[in-house]
Amino acid sequence: MGGINMETVFVKQIFRNPDLYMNKEVELSGWIRTIRDSKKFGFIELNDGTFFKNLQIVIDDSLDNFTEVVKLNISSAITVQGELVESPGAKQPFELKAKQIVIEGPAAADYPLQKKRHTFEYLRTIAHLRPRTNTFSAVFRIRSLAAYAVHKFFQERGFVHVHTPIITSSDCEGAGEMFRVSTLDLDNLKRNPDGSVDFSEDFFGKDAKLTVSGQLAAETYALAFRNVYTFGPTFRAENSNTPRHAAEFWMLEPEMAFADLNDNMDVAEAMLKYLINYCIENAPEEMEFFNKFIDRELMARLDNVVNSDFRRITYTEAIDILKKSKHDFKYPVEWGCDLQTEHERYISEKVFHQPVFVINYPKEIKAFYMRLNDDQKTVAAMDLLVPGVGEIIGGSQREERYDYLVKRMEELGLDQEEYWWYLETRKYGTNKHAGYGLGFERAIMYITGLSNIRDVISFPRTVRSAEF
RNA sequence: UCCUCGGUAGCUCAAUGGUAGAGCAUUCGGCUGUUAACCGAAGGGUUGCUGGUUCGAGUCCAGCCCGGGGAGCCA
């Protein structure tokens, strides 16, 4: 366009290897982040999307379209040709002396983003524009890197990535309220003689839902590939309105055959450290930004996580610690009760100041598939509690013994017919196996310091909110 | 779902029950090295919605809607 026929360079290339481009002509394209002008010259900070930082463009009235350029609003798209030179300014090492600017797409005057700080609440109302801000530029590049690091970590260890179904045919998992998937005409529902809805004419011929977990399906593949993981969208129709819950989120669920709870924790700990290291190494500018503007203790906390062994305590020990703390909890602490948020935070934030695995919970407060311990009272479950975010990982060794599993399902009144395929895996070559689920957004929150899950999902879906 | 705080210009926020304000943004003008540039001027309002109290409501009361935080549920 506009007669510029040089090869376009990315801002990231310039920042990573400035000597290669110094005093040479380059062409860039991107969006104006800020623009300042005087009578005969001005400055544009250009962001081309490839890099967190902007490149300063120096413009003056030698440009044939100088008067049009200085009137451009923030977020206008331009292509610039010019020479990269050392900058006399203190805030940037180099800058581009523009020789030609092509206006690709001007931004209208009512562009809603200013060059000053906005509240996260406001930015959520313009989720289609917020990736153009510093914070969201950083968050979503980190999210992309972390997702890649997930695959890298597991693939390097020989895990097989299984795409488990998004649509599930039965209410198997029991992990939360589910969204129904149906093509039935809601205005004209056919009913069975007992008054219930007749799903026989629905798309799947039965009541179908969106998945709340890929675990049970992942288990079947672990018992063929040994080590597998599933990583994808997950849906919960819970009416929870908190900064840590969304109706649609991503969950990572590794599952390992011939593995026990300790193996499970080893992998979870190594994985979390790997994700953090990968982000620090591959997005240093973004991490520096979070540390400066979002959470001043972020890097110190992450360094501590990466360089220390996670604590591992039993549920019973956790109860003892809470009881002896003399701390006045709103919810009284008794063996057998589930740990409340205030208890989890006390343990991770006040006692250990680092991630803590809590294991071996009473069977009554955990899912049916968790392996019964020899004490007959607890199950081989694990929760990883981290300061600031709370529960980030939940997992367990699975009950591999057919009789124990059936007995537990009977106690909880679960329909064995619904789980026929799951039970069969315990008939044909069963073995000890374990796995866990990582709430991907919670991991991103932990790595970036962001405190609301709605700010680490591109277009968040929450209760009464599915705009965009 | 419960508790709590809030909703005023495009944004961030002021305003004893008595004329609706500022900064930034926008538009126009000025300025020869800016860094959220600076200086001057102008335009910009159904104070979330409905009803009530009052001579008079942004302000007080009731209901509803929307948002933040906390709790529960969980990842």
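Chain letters run A, B, ... following the sequence lines, proteins first, then strands; residues in each count from 1. Everything numeric in this text was worked out from a predicted model, so none of it was measured.
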Closest of B/U27, B/A71, B/C74 to the A/E344 side chain is B/C74
Between B/U34, B/U27, B/U35, which nucleotide has the shortest distance from any of its atoms to the side chain of A/E45?
-> B/U35
A/R398 and A/E255 ion-paired at < 4.0 Å = yes
Looking across every strand, which nucleic acid part, if any, lies under 4.0 Å from A/Q56 by heavy atom: base, sugar-phosphate, or nothing?
-> base
Those stems involving RNA chain B that have three or more consecutive Watson-Crick or G-U pairs, both distances under 3.5 Å, are B:1-7 with B:65-71, B:10-13 with B:21-24, B:26-30 with B:38-42, B:48-52 with B:60-64
Can you tell me the distance, in whole Å, between the CZ atom of A/F66 and the P atom of B/U32?
-> 11 Å
All heavy atoms of A/A222 vs all of A/M256, minimum pair found to be CB-N, 4.4 Å
Hey, could you give me each pair passing ring pair (Phe, Tyr, Trp, His ring centres under 6.0 Å) that has a residue in residues 25-45 of chain A? Not counting sequence neighbours.
-> A/F41-A/F43
If you measure from the P atom in B/U4 to the same atom in B/A41, how many Å do you get, rounded?
-> 47 Å
Spacing of the C1' atoms in B/G58 and B/G48 (rounded, Å) = 12 Å
Answer whether the closest heavy-atom distance between the side chains of A/T220 and A/L223 falls below 4.5 Å.
-> no
Using the C1' atom as the reference point in each nucleotide, state the distance between B/A25 and B/G17 in Å, no decimals.
-> 33 Å
Test ring pair (Phe, Tyr, Trp, His ring centres under 6.0 Å) applied to A/Y21 - qualifying residues, sequence neighbours left out | none
Salt-bridged, A/R371 to A/D260, with N to O below 4.0 Å?
-> no
Of the options A/F231, A/Y229, A/F153, which is the one that meets A/H161 in a ring pair (Phe, Tyr, Trp, His ring centres under 6.0 Å)?
-> A/Y229
Quick one: is B/A37 close enough that its OP1 or OP2 comes under 4.0 Å of any side-chain N or O from A/R36?
-> yes
Of the listed B/G33, B/G72, B/C31, the closest approach to the A/S87 side chain comes from B/G33
Do we get A/R157 above A/Y274's six-membered ring, with its NZ or CZ under 6.0 Å from the centre and within 45° of the axis?
-> yes
Touch class at under 4.0 angstrom, heavy-atom based, for A/Y331 against every strand present | sugar-phosphate
Short side-chain N/O contact to B/U27 OP1/OP2 from A/K71, under 4.0 Å = no
Between A/K273 and A/F310, is NZ or CZ placed under 6.0 angstrom from the six-membered ring centre and within 45° of the ring axis?
-> yes
What does A/D37 touch in the nucleic acid at a heavy-atom separation under 4.0 angstrom: a base, only the sugar-phosphate, or nothing?
-> base
C1'-based separation of B/U16 from B/U59 [nearest Å] | 10 Å
Using the C1' atom on both, measure B/U12 against B/G70 and round to a whole Å.
-> 25 Å
Does any non-hydrogen side-chain atom of A/R36 lie less than 4.5 Å from one of A/E45?
-> yes
Please enumerate all protein N or O atoms sitting under 3.5 Å from an N or O of nucleotides 45-48 of chain B, with distances to 0.1 Å.
none

Determine the contact category for A/L113: base if any of its heavy atoms lies under 4.0 Å from a base atom, sugar-phosphate if only primed atoms, P, OP1 or OP2 are that close, otherwise nothing.
-> nothing
With a 4.0 Å cut-off on heavy atoms, is A/H245 in touch with a base, just the backbone sugar-phosphate, or nothing at all?
-> base
Look at the side chain of A/E441 and the backbone N and O of A/W250, then say whether any donor-acceptor pair between them is shorter than 3.5 Å.
-> yes
Shortest side-chain distance from A/E238, nucleotide among B/C73, B/G70, B/U27 | B/C73
What is the nucleic acid contact for A/A246, judged by heavy atoms within less than 4.0 Å: base, sugar-phosphate only, or nothing?
-> base
Using a cut-off of less than 4.0 Å, is there contact between a side-chain N or O of A/T341 and OP1 or OP2 of B/G72?
-> yes
Looking at A/W335, is A/K377 sitting on its ring face, NZ or CZ under 6.0 Å from the six-membered ring centre and within 45 degrees of the normal?
-> yes
Which residue lies toward the 5' end of RNA chain B, A/S451 or A/G437, if each is placed at its nearest nucleotide?
-> A/S451
Counting just side-chain N and O atoms, does A/T119 come under 4.0 Å of either OP1 or OP2 of B/U12?
-> yes
Any A/K91 side-chain nitrogen or oxygen under 4.0 Å from OP1 or OP2 of B/A36 = yes
CZ of A/F41 versus C1' of B/C38: gap in Å, rounded?
-> 11 Å
Counting heavy atoms from C-beta on, name the nucleotide in B/G68, B/U34, B/C73 closest to the side chain of A/F43.
-> B/U34
Using the C1' atoms only, state how far B/C31 lies from B/A37, rounded to an integer number of Å.
-> 11 Å
Quick one: does A/I447's side chain get under 4.5 Å of A/M287's, heavy atoms only?
-> yes
Ion pair check, A/K366 and A/D383, cut-off under 4.0 Å = yes
What is the nucleic acid contact for A/E248, judged by heavy atoms within less than 4.0 Å: base, sugar-phosphate only, or nothing?
-> nothing
Does A/Q340 make a side-chain N or O approach to OP1 or OP2 of B/G72 shorter than 4.0 Å?
-> yes
OP1 or OP2 of B/G68 under 4.0 Å from side-chain N/O of A/R124 | yes
Any side-chain N or O of A/K115 less than 4.0 Å from the OP1 or OP2 oxygen of B/A36?
-> no
Using the C1' atom in both, what is the distance from B/C65 to B/C49, to the nearest Å?
-> 7 Å
Contact under 4.0 Å: A/R33 side-chain N or O vs B/A36 OP1/OP2 | no
Taking only side-chain nitrogens and oxygens of A/R464, does any of them come within less than 4.0 Å of OP1 or OP2 of B/C66?
-> yes
Between B/G68 atom P and A/N241 atom CG, what is the distance in whole Å?
-> 7 Å
Sugar-phosphate or base contact per nucleotide [nucleotides 3-10 of chain B; S, B, -; heavy atom under 4.0 Å] = -------B
Output the single nucleotide from B/A71, B/G69, B/G67 whose closest atom is nearest the side chain of A/R244.
-> B/A71
With P as the reference atom in both, quote the distance from B/G21 to B/U54 in angstrom, rounded to an integer.
-> 28 Å
The side chain to side chain donor-acceptor pair (under 3.5 Å) partners of A/S137 (sequence neighbours excluded) come to none
